Q: 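Let me give you the structure first, and then I'll get to my questions.
Computed from a predicted structure; not experimentally measured. Heavy-atom basis, side chains included; hydrogens, waters and symmetry copies ignored. Numbers here simply count residues along the sequence, with the first being 1.
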Amino acid sequence: MEVNTIERIDALDRKILKVITLNARIPFKDVAEQCGVSRAAIHQRVQKLFDSGVIVGSGYQVNPKMLGYNLCVYVGITLEKGSMYNDVVRALEQIPEVVESHFTLGSFSMLIKLYARDDRDLMALLNTRIQMIPGVSKTETLTSLEQHIDRTLPIE
């Protein structure tokens, strides 16, 4: 997203974003009604928001527990050298259970989020996949017991 994008988001764009972030499945005709403009205007504005990088995704979220993934885990990864980050990310992309990856400042070089079916599955992911990636020198695991907040930033 360009730095100047925020300057190009007007009041109508913000109103549209407020509506669709509350319900991504809302029909454009209903968004148009709430915003007081035509359905075509909504379609054009939403497309512009996608094209400019303001909206970065859409789709359905699946409950991992319903698919048998009972553990949500955050793993702090220490790299041998920060310059190995891109290679490590490419290796992590090959592990489907890894759903997020962040290059960080602080105690770890990286922080990843992954899902595992159970303790045995987690141990296998850590010992035979993640810790075997060249450049990974250390991992520290934090298990999420429950998630209470899952939201997007407020649209002002």
Q: Would you kindly confirm whether V19 and I16 end up in one hydrophobic cluster when ILVMFWY residues are joined by side chain heavy atoms under 4.5 Å apart?
A: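 Yes.
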Q: Restricting to non-hydrogen atoms, name the atom on C72 and the atom on Y115 that form the minimum distance, rounded to 0.1 Å.
A: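 C72 and Y115 have their closest heavy atoms at CB-CE2, 3.6 Å.
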Q: Can you sort out the partners of Y74 under ring pair (Phe, Tyr, Trp, His ring centres under 6.0 Å), two or more places apart, ordered by chain and number?
A: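 Y74 satisfies ring pair (Phe, Tyr, Trp, His ring centres under 6.0 Å) with no other residue.
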Q: Which heavy atom in H102 sits nearest to a heavy atom in Y85, and how many Å separate them?
A: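 Smallest heavy-atom distance, with atoms named: C-OH, 4.4 Å.
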Q: In chain order, what residues pass the side chain to side chain contact (heavy atoms under 4.5 Å, CB included) check against V37, with sequence neighbours excluded?
A: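 By the side chain to side chain contact (heavy atoms under 4.5 Å, CB included) rule, V37 matches L12, C35, A41, I42.
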Q: Restricting to non-hydrogen atoms, name the atom on L79 and the atom on S109 that form the minimum distance, rounded to 0.1 Å.
A: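 Between these two residues, the closest heavy atoms are N-OG, 3.0 Å.
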Q: Check the pair Y60 / R25 against side chain to side chain contact (heavy atoms under 4.5 Å, CB included), numbers first and verdict last.
A: CA-CA 9 Å; Y60 299 100; R25 296 177 61 184; 3.6 Å; yes
Q: Any chain of hydrophobic side-chain contacts (each under 4.5 Å) joining L122 to L142?
A: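 As far as the 4.5 Å side-chain criterion goes, L142 and L122 are not connected within one cluster.
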Q: Is it true that V89 and L111 fall in one hydrophobic cluster, defined by side-chain heavy atoms closer than 4.5 Å?
A: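 V89 does not cluster with L111.
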Q: Please report the shortest heavy-atom distance between V56 and G53, naming the atom on each side.
A: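 Looks like CG1-O, 3.3 Å.
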Q: Rounded to the nearest 0.5 Å, how far apart are CD1 of I9 and CG of L49?
A: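 If I round to the nearest 0.5 Å, the distance is 6.5 Å.
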Q: Quick check for you: to the nearest 0.5 Å, what is the distance between I155 atom CD1 and L17 atom CG?
A: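 Rounded to the nearest 0.5 Å, the CD1-CG separation comes out at 5.0 Å.
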Q: Any sub-3.5 Å donor-acceptor pair from R39's side-chain atoms to P27's backbone N or O?
A: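 Not at all, since once roles are kept as given, no pair shorter than 3.5 Å links the two residues.
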Q: For atom CD of Q61, is the number of surrounding heavy atoms from other residues, nucleotides or ligands below 6.0 Å larger than 12?
A: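 Counting neighbours around CD of Q61, 12 or fewer heavy atoms of other residues, nucleotides or ligands fall under 6.0 Å, so no.
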Q: Under a 4.5 Å cut-off applied to non-hydrogen side-chain atoms, are M110 and V136 in contact?
A: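 Sidechains of V136 and M110: no contact.
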Q: Nearest 0.5 Å, please: how far is CG in D10 from NZ in K15?
A: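 With rounding to 0.5 Å, NZ (K15) is 12.0 Å from CG (D10).
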Q: I'd like to check I26 versus I20 (side-chain heavy atoms, cut-off strictly below 4.5 Å). Are they in contact?
A: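 Yes, side chains in contact.
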Q: What heavy-atom pair brings V98 and L92 nearest, and what distance separates the two atoms?
A: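 In terms of heavy atoms, the two residues are closest at CB-O, 4.0 Å.
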Q: Quick one: CD on E140 to OG1 on T78, what's the gap to the nearest 0.5 Å?
A: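 One gets 8.0 Å once the value is rounded to the nearest 0.5 Å.
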Q: Establish whether V75 and M132 are linked, either directly or via other cluster members, by ILVMFWY side-chain heavy-atom contacts under 4.5 Å.
A: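 Per the 4.5 Å side-chain linkage, V75 and M132 are not co-clustered.
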Q: Hey, are the side chains of L114 and I95 touching, using non-hydrogen atoms and a 4.5 Å cut-off?
A: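 They are not in contact (no side-chain heavy atoms under 4.5 Å apart), so the answer is no.
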Q: Taking the side chain as every heavy atom from C-beta outward, state whether D13 and V54 have any pair of such atoms under 4.5 Å apart.
A: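 A side-chain contact is absent here, since even the closest heavy-atom pair is not under 4.5 Å.
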Q: Taking all non-hydrogen atoms of both residues into account, name the closest pair between K48 and R8 and its distance.
A: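 Reported closest heavy-atom pair: NZ-O, 3.7 Å.
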Q: Before giving the answer on salt bridge (charged side-chain N to carboxylate O under 4.0 Å, His left out), spell out for D87 and R90 the whole-Å C-alpha distance, their side-chain angles and the decisive distance to 0.1 Å.
A: CA-CA 5 Å; D87 293 334; R90 278 192 287 280; 2.5 Å; yes
Q: Counting C-beta onward and ignoring hydrogens, is there a side-chain heavy-atom pair between I130 and E97 closer than 4.5 Å?
A: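 Of all side-chain heavy-atom pairs linking E97 with I130, none is under 4.5 Å.
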Q: What distance separates Q44 CD from S38 OG, expressed to the nearest 0.5 Å?
A: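 Reported value, rounded in 0.5 Å steps: 7.0 Å.
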Q: Is the shortest heavy-atom distance from the side chain of V73 to the side chain of L126 under 4.5 Å?
A: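 When only atoms from C-beta onward are counted, L126 and V73 do not touch, as no gap falls below 4.5 Å.
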Q: Heavy-atom distance under 4.5 Å between the side chains of I55 and F50, does that happen here?
A: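 With C-beta onward as the side chain, the pair touches.
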Q: Would you compute the distance between atom CZ of R117 and atom CG of L125 and round it to the nearest 0.5 angstrom?
A: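 With rounding to 0.5 Å, CZ (R117) is 10.0 Å from CG (L125).
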Q: Are Y69 and I112 connected, step by step, through hydrophobic side chains (Ile, Leu, Val, Met, Phe, Trp, Tyr) whose heavy atoms are closer than 4.5 Å?
A: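 As far as the 4.5 Å side-chain criterion goes, I112 and Y69 are not connected within one cluster.
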